[in-house]
Amino acid sequence: MSDISIIGLGAMGSALAQTLLSNGYSVTVWNRSIEKTEPLASAGATVANTVAQAMAASPAVITCITSHHHTMELLTENASYLSGKTVIELSTGGANEAEALASLLSKNNADWLIGIINAYPTAIGKPETVLTIVGAPEVWEKWQSAIKILGGKSTHVGTKAGMLAALFAALFTTRQGFMFGMIFGALVCKKAGIPLDTFAQQIPVSLGVLPSYHQYFSDTVPGKKFDNPPATMTTYAAALDDALSTFKEVGAPSDLPQLFSDLAHKGVDAGLNDKALTALVELLGNE
Ligand SMILES: NC(=O)c1ccc[n+]([C@@H]2O[C@H](COP(=O)([O-])OP(=O)(O)OC[C@H]3O[C@@H](n4cnc5c(N)ncnc54)[C@H](OP(=O)(O)O)[C@@H]3O)[C@@H](O)[C@H]2O)c1
């Protein structure tokens, strides 16, 4: 028997296996293309010839292949080996696929955890690396020490299989808000004749403001406390209007600032003029 089996030895699965091996875990590996098992075998892993062998070899099986969809196929073909095992699915996938996978595992008496790896393979095994995990708290308790070998800041965030896809979408959209903000910022600079390296150099000044935005959000949204904000919906609407006018005056594409302005005005029109801008979460969420 091994401590853990790993199914899938692409860039990520290989890094997971190497890290567990170098931290003293006994590991059994399986990969569809057998040649990818060779470096792991040299590092001390046992190579399984079939998925069934890999599943039989350990109490926990990490799956890390292209997507939940592929994991589902492999595990459906080998469902008779699932009973009593813990499957830790670290492939990426959508919410419905994650729910379907969790249901397949529960139906076959297997425990499960599903995770997102928020890192490149080179960061696996580092203390600051985060794997975001969902599943039953007792299953997390049982396997968290192994998962924290893979990413030292790994965290359990809930019990619902499908929630990770939505959480990923939320965080990705948050980051992309900044990315698209820079893209539109560049458009207004270009039209106004501001050199883009001047704009790029000034961006870190804006980054310095982001912690206070995060604070504004945390102080208001989770507890629905939108009264007496440091800047009201009306203040934001006026500032966003000024920015929008500038985009239009210089002839820059203005879709993004137009969206921001429209949303703030929607809040003002709904009577949220003296509330925090973030009250839009309630207004739009109830539509
Ligand atoms: N690389 C990253 O930076 C990163 C970061 C976070 C999360 N992830 C996630 O980790 C997972 C694996 O990524 P990766 O970078 O390791 O990908 P990869 O290097 O492209 O490897 C893909 C792996 O999936 C296997 N595979 C694909 N289809 C399969 C099937 N139908 N049956 C059995 N095995 C199959 C491949 O087997 P063969 O070797 O036989 O082709 C290979 O082991 C993905 O879900 C990815 O989103 C990756």
Side-chain angles (χ1 to χ4, degrees), residues 4-21 27-43 45-58 60-79 81-82 85 87-102 104-105 112-135 146-155 157 161-173 175-176:
I4 294 189
S5 292
I6 301 199
I7 290 178
L9 298 174
M12 186 52 87
S14 294
L16 301 174
Q18 287 284 6
T19 302
L20 288 172
L21 282 167
V27 175
T28 294
V29 294
W30 177 86
N31 193 64
R32 182 177 59 178
S33 320
I34 189 79
E35 63 274 11
K36 287 188 188 155
T37 61
E38 283 161 18
L40 280 310
S42 305
T46 303
V47 176
N49 293 320
T50 61
V51 170
Q53 267 180 21
M55 286 168 63
S58 311
V61 180
I62 293 178
T63 44
C64 188
I65 59 178
T66 306
S67 76
H68 290 338
H69 169 70
H70 296 103
T71 303
M72 185 84 178
E73 276 178 8
L74 279 191
L75 297 186
T76 302
E77 285 162 15
N78 292 279
Y81 299 92
L82 284 170
K85 303 291 175 184
V87 172
I88 304 171
E89 161 70 337
L90 298 180
S91 318
T92 305
N96 291 346
E97 289 173 338
E99 290 290 351
L101 184 58
L104 171 79
L105 291 165
W112 56 265
L113 296 171
I114 299 180
I116 290 180
I117 303 171
N118 304 287
Y120 291 121
T122 47
I124 296 302
K126 302 245 166 87
E128 67 276 15
T129 297
V130 181
L131 277 65
T132 310
I133 304 286
V134 294
I147 293 170
K148 285 183 175 168
I149 297 283
L150 303 173
K153 287 239 164 69
S154 294
T155 173
V157 295
M163 71 177 279
L164 274 183
L167 186 60
F168 173 78
L171 294 169
F172 185 62
T173 301
R175 293 194 296 272
Q176 293 310 306

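One-based numbering along the sequence shown. Everything numeric in this text was worked out from a predicted model, so none of it was measured. We count ligands from 1, going down the list as the structure has it; atoms in each ligand are counted the same way.
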Q: Donor-acceptor check, side chain of Thr50 to backbone of Gln53, threshold 3.5 angstrom: yes or no?
A: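 Pair found, side chain donor or acceptor close to backbone of Gln53.
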Q: Please could you name the atoms of ligand 1 that Leu9 approaches to less than 4.0 Å, counting only its heavy atoms?
A: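 Per the distance check, 43 (O).
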Q: Among all protein heavy atoms in this structure, tell me which lies nearest to atom 10 (O) of ligand 1, with the distance rounded to 0.1 Å.
A: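 Answer for atom 10 (O) of ligand 1: Cys64 SG, 3.5 Å.
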Q: With no hydrogens and no angle check, is any side-chain donor or acceptor of Asn31 less than 3.5 Å from a backbone partner on Leu9?
A: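 Side chain of Asn31 to backbone of Leu9: a pair is present.
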Q: Which of the numbered atoms in ligand 1 are under 4.0 angstrom from any heavy atom belonging to Tyr120?
A: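 Atoms satisfying the 4.0 Å criterion: 3 (O).
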Q: Out of Ile65, Thr92, Thr66, Leu16, whose heavy atom sits nearest atom 11 (C) of ligand 1?
A: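 The residue whose heavy atom sits nearest atom 11 (C) of ligand 1 is Ile65.
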Q: Check whether any side-chain N or O of Thr28 sits under 3.5 Å from a backbone N or O of Ala48 as a donor-acceptor pair, and report yes or no.
A: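 Not confirmed, Thr28 side chain does not pair with Ala48 backbone.
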Q: What residue and heavy atom of the protein are closest to atom 13 (O) of ligand 1, and at what distance?
A: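 I find the closest protein heavy atom is Met12 CB, 4.1 Å.
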Q: Where does Ser14 meet ligand 1, judged by heavy-atom distances below 4.0 Å: at the side chain, the backbone, both, or neither?
A: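 No part of Ser14 comes within reach of ligand 1.
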Q: Consider side-chain contact (heavy atoms from CB on, under 4.5 Å). Of Val29, Ile6, Leu113, Ile7, which one does Ile62 pass it with?
A: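 Only match with Ile62 under side-chain contact (heavy atoms from CB on, under 4.5 Å): Ile6.
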Q: Considering only the protein, which heavy-atom contact is closest to atom 31 (N) of ligand 1, and what is its distance?
A: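 The protein heavy atom lying closest is His70 CD2, 3.4 Å.
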Q: Among all protein heavy atoms, pick out the one at the shortest distance from atom 40 (O) of ligand 1; state its residue, atom name and that distance to 0.1 Å.
A: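 The closest heavy atom on the protein side is Ser33 OG, 2.4 Å.
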Q: Could an N or O of ligand 1 be found under 3.5 Å from any N or O of Trp30, whether backbone or side chain?
A: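 Such a contact does not occur with ligand 1.
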Q: Taking 4.0 angstrom as the limit and counting only heavy atoms of Lys36, give me the atoms of ligand 1 inside it, by number and element.
A: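 Near Lys36, the atoms of ligand 1 are 38 (P), 39 (O), 41 (O).
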Q: Looking only at protein heavy atoms, which one is nearest to atom 21 (O) of ligand 1, and how far off is it?
A: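 It is Gly10 CA, 3.3 Å.
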Q: Taking only heavy atoms of Ser91, which atoms of ligand 1 are found under 4.0 Å from at least one of them?
A: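 Counting atoms of ligand 1 from 1, those under 4.0 Å from Ser91 are 45 (O).
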Q: Are any side-chain N or O atoms of Ser91 and backbone N or O atoms of Ile65, one a donor and one an acceptor, separated by less than 3.5 Å?
A: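 Looks like yes, one N/O pair under 3.5 Å.
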Q: State, to 0.1 Å, how close Thr19 and Gly125 come at their nearest heavy-atom pair, and which atoms those are.
A: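 Closest approach of Thr19 to Gly125, heavy atoms only: CG2-CA, 3.6 Å.
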Q: Which of the numbered atoms in ligand 1 are under 4.0 angstrom from any heavy atom belonging to Ile117?
A: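 Selected atoms, number and element: 6 (C), 7 (C).
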Q: Among all the protein's non-hydrogen atoms, which is closest to atom 5 (C) of ligand 1, and how far away is it?
A: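 Protein heavy atom at minimum distance: Ala119 O, 3.0 Å.
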Q: Could you say whether the N/O atoms of Arg32 and ligand 1 ever approach to under 3.5 Å?
A: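 By distance alone, the answer is yes.
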Q: Any idea which of Ala11, Gly8, Gly13, Ser67 brings a heavy atom closest to atom 19 (O) of ligand 1?
A: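 It is Ala11 that holds the nearest heavy atom.
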Q: With a 4.0 Å cut-off on heavy atoms, is Ala15 touching ligand 1?
A: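 Outside the 4.0 Å threshold, so no.
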Q: Donor-acceptor pair, Ser154 side chain versus Leu131 backbone, under 3.5 Å?
A: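 Between the backbone of Leu131 and the side chain of Ser154 there is a qualifying donor-acceptor contact (under 3.5 Å).
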Q: Please state which protein non-hydrogen atom is closest to atom 37 (O) of ligand 1 and give its distance, to 0.1 Å?
A: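 Scanning the protein heavy atoms, the shortest distance from atom 37 (O) of ligand 1 goes to Asn31 OD1, 3.7 Å.
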Q: Considering residues at least two apart in sequence or located in another chain, which fulfil the side chain to side chain donor-acceptor pair (under 3.5 Å) criterion with Thr132?
A: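 Thr132 satisfies side chain to side chain donor-acceptor pair (under 3.5 Å) with Asn118 once adjacent residues are dropped.
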Q: Can you check whether Thr122's main-chain N or O pairs, donor with acceptor, with Lys126's side chain at less than 3.5 Å?
A: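 Yes, Lys126 side chain to Thr122 backbone: donor-acceptor pair under 3.5 Å.
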Q: Pairing donors with acceptors under 3.5 angstrom, does anything connect the side chains of Ser67 and His70?
A: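 Looking only at side-chain atoms, His70 and Ser67 do form a donor-acceptor pair, the distance falling under 3.5 Å.
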Q: For Pro121, counting its heavy atoms only, list the atoms of ligand 1 lying under 4.0 Å from any of them.
A: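 Those of ligand 1 that fall under 4.0 Å from Pro121 are 1 (N), 2 (C), 3 (O).
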Q: Do Leu75 and Met55 come within less than 4.5 Å of each other through their side chains, counting heavy atoms only?
A: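 Side chain of Leu75 against side chain of Met55, heavy atoms only: contact under 4.5 Å found.
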Q: Taking the side chain as C-beta and beyond, is there a heavy-atom pair between Leu74 and Trp30 under 4.5 Å?
A: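 Yes - at least one pair of side-chain heavy atoms lies under 4.5 Å apart.
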